[in-house]
Enquirer: 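Here's a structure for you.
Residues: numbered from 1 along the sequence shown. The shown structure was predicted, so the numbers you read here are calculated from the model rather than taken from an experiment.
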Amino acid sequence: MKKLTTILFTILGIIMMANAASFTAPNSDFVLIKAGSFTMGSPESEDWRSNDEAQHRVTLASFYMAKFEVTQKEWREITGKNPSNFTGDKLPVESITWLEAIDFCNALSKRNGRTPVYTIADGGNTVTWNRSADGYRLPTEAEWEYAARAGSTTPFYSRKVPGAEDVNFYGHYPYQIEQNYFNDEVLETRPGVYRGKTLDVGSFKANPNGLFDIYGNVGEWCFDYYGDYDPSTSSGTTGVTNPAGAIEGTRRVFRGGSWNDFGKNLRSAYRAAMPQNNSAYNVGLRLVCNADDSVKGSITTREAATSSTKKSAGKTKALIIFYSWSGNTRGVAREIARQTGFDSIELELVKPYSTDYNTVLDQAQSDQHKQARPALKTKIDSKKWAEYDTIILGYPNWWASIPMPIATLLESYDFSGKTIMPFCSHGGGRFGQSLTAISKLAPKATLTAGLSIHYSGGSSLSKDVEKWLKKCGVK
């Protein structure tokens, strides 16, 4: 009966879309993405897929999507500010929160005589989307994936795996390099240049829908709260129409990968997530707006509580806990401990990784590929754990994410109500997608701004740590 009801609603939705009144495009920088159905998510056979990418059928109304990511010039014209880490009029704006992105959408709508889409209340904890409004908005993640795929069912919209000549990403690490690191001549797309920064929007060829930089450059905020797809649709035999995600959550989705992402995280189905009040130097936005009046009603979304730990006035009870292989992360942890006096624990494994660099590269990517959970020799008493309201979490950036011992830790202890202050050592990719990994594994924790340190940090380490601690309010 449930399946029949779903099918009937889908048919009704298609009929309504077919009889909808059309809207005009805002300008020539928007393309029409026509209504249709597609299979969202990835097949279990897709290399480097995540368990949160269950395939399901989705039907969408037509919408207009901007050809380009919002530039810094466009952002500054509306807000009077430019928060970006990299600066240039034609570069995509980044380092913006989800809430700032929807504020921008509303302000642009007002300036251009369109009806604002969002109503923001309770300091941003409650956001209502008027689905019939003609103003500018963020895409849903279903709309984003539909537009990115452009009819494809492969990991990328192109048959050929994109390389550094096609996309602005961490070009040293194209798709499937991880398991072929010492034998990359077998790859269809070989390693290329890593630019280490954003580029002017439209620097590469558009996808078949006429969208530029849909992969790479900056990740693009979507409307949805992050969560598992509706399990009733995961078989692919039933479907949903114009989905917009859960009405409550703690993380918002962003899509498409960025200038410092590995190829595996450019895939059309890959889902990244971050708290709506957080920003990052590799996340921006792309605008959409309705193409017709077929979608009615409104959706009200609410932030779920993440912090329940009661602190003593003005005091933080914090634990520095970290995993280090080469010693770089250990050095950062020691500097944090020196400046704060906080307790510190280094994670040890029951079966340690090899001390040989080439061997540990293979071990680390293999564990990440399998999503292994190596056993921890280090144990923390549950009563002791409960005393800490803040966990200062350190690790090396391995293959653009967290080492799997950190995943073991996140799944072994209750992080509900705690604040996580992440820091990492890296060789050029900063945090990669490690913050997304933490966000997904500890959804009921508050995630602060992070500190990324290049290798051992050099002479600026002390000042960098001090600045970060002050930013996070613990010093």
Side-chain angles (χ1 to χ4, degrees), residues 170 260 262 318-365 367-368 372-380 388 390-413 415 418-439 441-442 445 447-469 471-472 474-475:
Y170 205 141
N260 69 325
F262 284 26
L319 171 67
I320 304 164
I321 187 165
F322 65 96
Y323 174 74
S324 184
W325 180 79
S326 69
N328 288 332
T329 308
R330 184 182 302 115
V332 181
R334 286 174 176 171
E335 179 59 26
I336 296 171
R338 186 189 70 79
Q339 293 193 28
T340 62
F342 293 151
D343 297 339
S344 182
I345 295 176
E346 179 170 1
L347 293 178
E348 296 183 54
L349 304 183
V350 172
K351 186 179 180 181
Y353 287 121
S354 172
T355 57
D356 176 71
Y357 179 72
N358 288 350
T359 303
V360 80
L361 282 178
D362 184 64
Q363 291 174 331
Q365 75 81 18
D367 272 2
Q368 196 180 89
R373 297 294 186 264
L376 298 178
K377 182 179 178 180
T378 305
K379 305 294 181 184
I380 306 171
Y388 298 104
T390 298
I391 305 299
I392 303 178
L393 183 64
Y395 53 89
N397 173 348
W398 276 4
W399 299 108
S401 191
I402 55 174
M404 290 301 95
I406 295 295
T408 303
L409 175 78
L410 291 168
E411 292 182 342
S412 298
Y413 296 89
F415 281 80
K418 295 189 185 297
T419 295
I420 297 177
M421 291 174 54
F423 68 95
C424 81
S425 56
H426 67 94
R430 302 197 192 184
F431 276 107
Q433 283 291 344
S434 65
L435 298 183
T436 280
I438 295 170
S439 290
L441 291 171
L447 193 65
T448 73
L451 173 68
S452 61
I453 297 294
H454 192 237
Y455 292 115
S456 63
S459 60
S460 67
L461 176 62
S462 179
K463 289 184 178 179
D464 291 339
V465 168
E466 182 180 15
K467 182 179 179 180
W468 174 61
L469 292 172
K471 183 176 183 179
C472 294
V474 297
K475 188 177 181 181

Enquirer: Taking the side chain as every heavy atom from C-beta outward, state whether Pro396 and Asn328 have any pair of such atoms under 4.5 Å apart.
Expert: no
Enquirer: What do the steps show when you test Phe322 against Val332 for side-chain contact (heavy atoms from CB on, under 4.5 Å), and what is the final call?
Expert: CA-CA 10 Å; Phe322 65 96; Val332 181; over 6 Å; no
Enquirer: For Leu461, does its backbone N or O pair with a side-chain atom of Glu335 as donor and acceptor, under 3.5 Å?
Expert: no
Enquirer: Using side chain to side chain contact (heavy atoms under 4.5 Å, CB included) as the criterion, list what pairs up with Ser460, not counting sequence neighbours.
Expert: Asp464
Enquirer: What heavy-atom pair brings Pro405 and Leu347 nearest, and what distance separates the two atoms?
Expert: O-CD1, 4.3 Å
Enquirer: If you measure from CZ on Phe423 to OG1 on Thr329, what distance do you get to the nearest 0.5 Å?
Expert: 6.5 Å
Enquirer: State which residue, out of Leu319, Ile392, Thr390, fulfils the side chain to side chain contact (heavy atoms under 4.5 Å, CB included) condition with Phe342.
Expert: Ile392
Enquirer: Among Asp356, Thr355, Asp362, which residue meets the side chain to side chain donor-acceptor pair (under 3.5 Å) test with Thr359?
Expert: Asp356
Enquirer: Identify the two heavy atoms, one from Pro422 and one from Leu435, that lie closest to each other, and give their separation to 0.1 Å.
Expert: CG-CD2, 3.6 Å
Enquirer: Working to the nearest 0.5 Å, report the span between CG of Leu409 and CD1 of Ile321.
Expert: 4.5 Å
Enquirer: Between the side chains of Lys463 and Glu466, is the shortest nitrogen-to-carboxylate-oxygen separation below 4.0 Å, so that they form an ion pair?
Expert: no
Enquirer: Do Phe415 and Leu410 make a side-chain contact, defined as non-hydrogen atoms from C-beta onward lying under 4.5 Å apart?
Expert: yes
Enquirer: Ile402 vs Tyr323, test: side-chain contact (heavy atoms from CB on, under 4.5 Å). Steps then yes/no.
Expert: CA-CA 10 Å; Ile402 55 174; Tyr323 174 74; over 6 Å; no
Enquirer: Which pairs count as side-chain hydrogen bond (donor to acceptor under 3.5 Å, both in side chains) when at least one residue sits in residues 392-411, sequence neighbours excluded?
Expert: Arg373-Glu411, Tyr395-Ser434
Enquirer: Could you go through the side-chain contact (heavy atoms from CB on, under 4.5 Å) check for Leu441 and Ile406 one step at a time?
Expert: CA-CA 10 Å; Leu441 291 171; Ile406 295 295; over 6 Å; no
Enquirer: For the SG atom of Cys424 and the CG atom of Leu451, what is their distance to the nearest 0.5 Å?
Expert: 8.0 Å
Enquirer: Mind checking what makes salt bridge (charged side-chain N to carboxylate O under 4.0 Å, His left out) contact with Arg330, not counting sequence neighbours?
Expert: Glu346
Enquirer: Does Val360 offer a backbone N or O that forms a donor-acceptor pair with the side chain of Ser354 under 3.5 Å?
Expert: no
Enquirer: So Arg334 and Ser344, do their side chains get closer than 4.5 Å, heavy atoms only?
Expert: no
Enquirer: Taking all non-hydrogen atoms of both residues, which atom of Thr448 and which atom of Cys472 are closest, and how far apart?
Expert: OG1-SG, 3.7 Å
Enquirer: Is the shortest heavy-atom distance from the side chain of Pro403 to the side chain of Tyr353 under 4.5 Å?
Expert: no
Enquirer: Please confirm whether the backbone N or O of Ile380 pairs with a side-chain atom of Tyr413, one donor and one acceptor, at under 3.5 Å?
Expert: yes
Enquirer: Using side-chain heavy atoms (C-beta onward) and a distance below 4.5 Å, is Met421 in contact with Leu469?
Expert: yes
Enquirer: Could you check whether any side-chain heavy atom of Pro352 comes within less than 4.5 Å of a side-chain heavy atom of Lys377, counting everything from C-beta outward?
Expert: no
Enquirer: Rounded to the nearest 0.5 Å, how far apart are CH2 of Trp325 and CG of Leu349?
Expert: 13.0 Å
Enquirer: Any idea how His454 and His426 line up, ring-wise: parallel (<30°), tilted (30 to 60°), or perpendicular (>60°)?
Expert: tilted
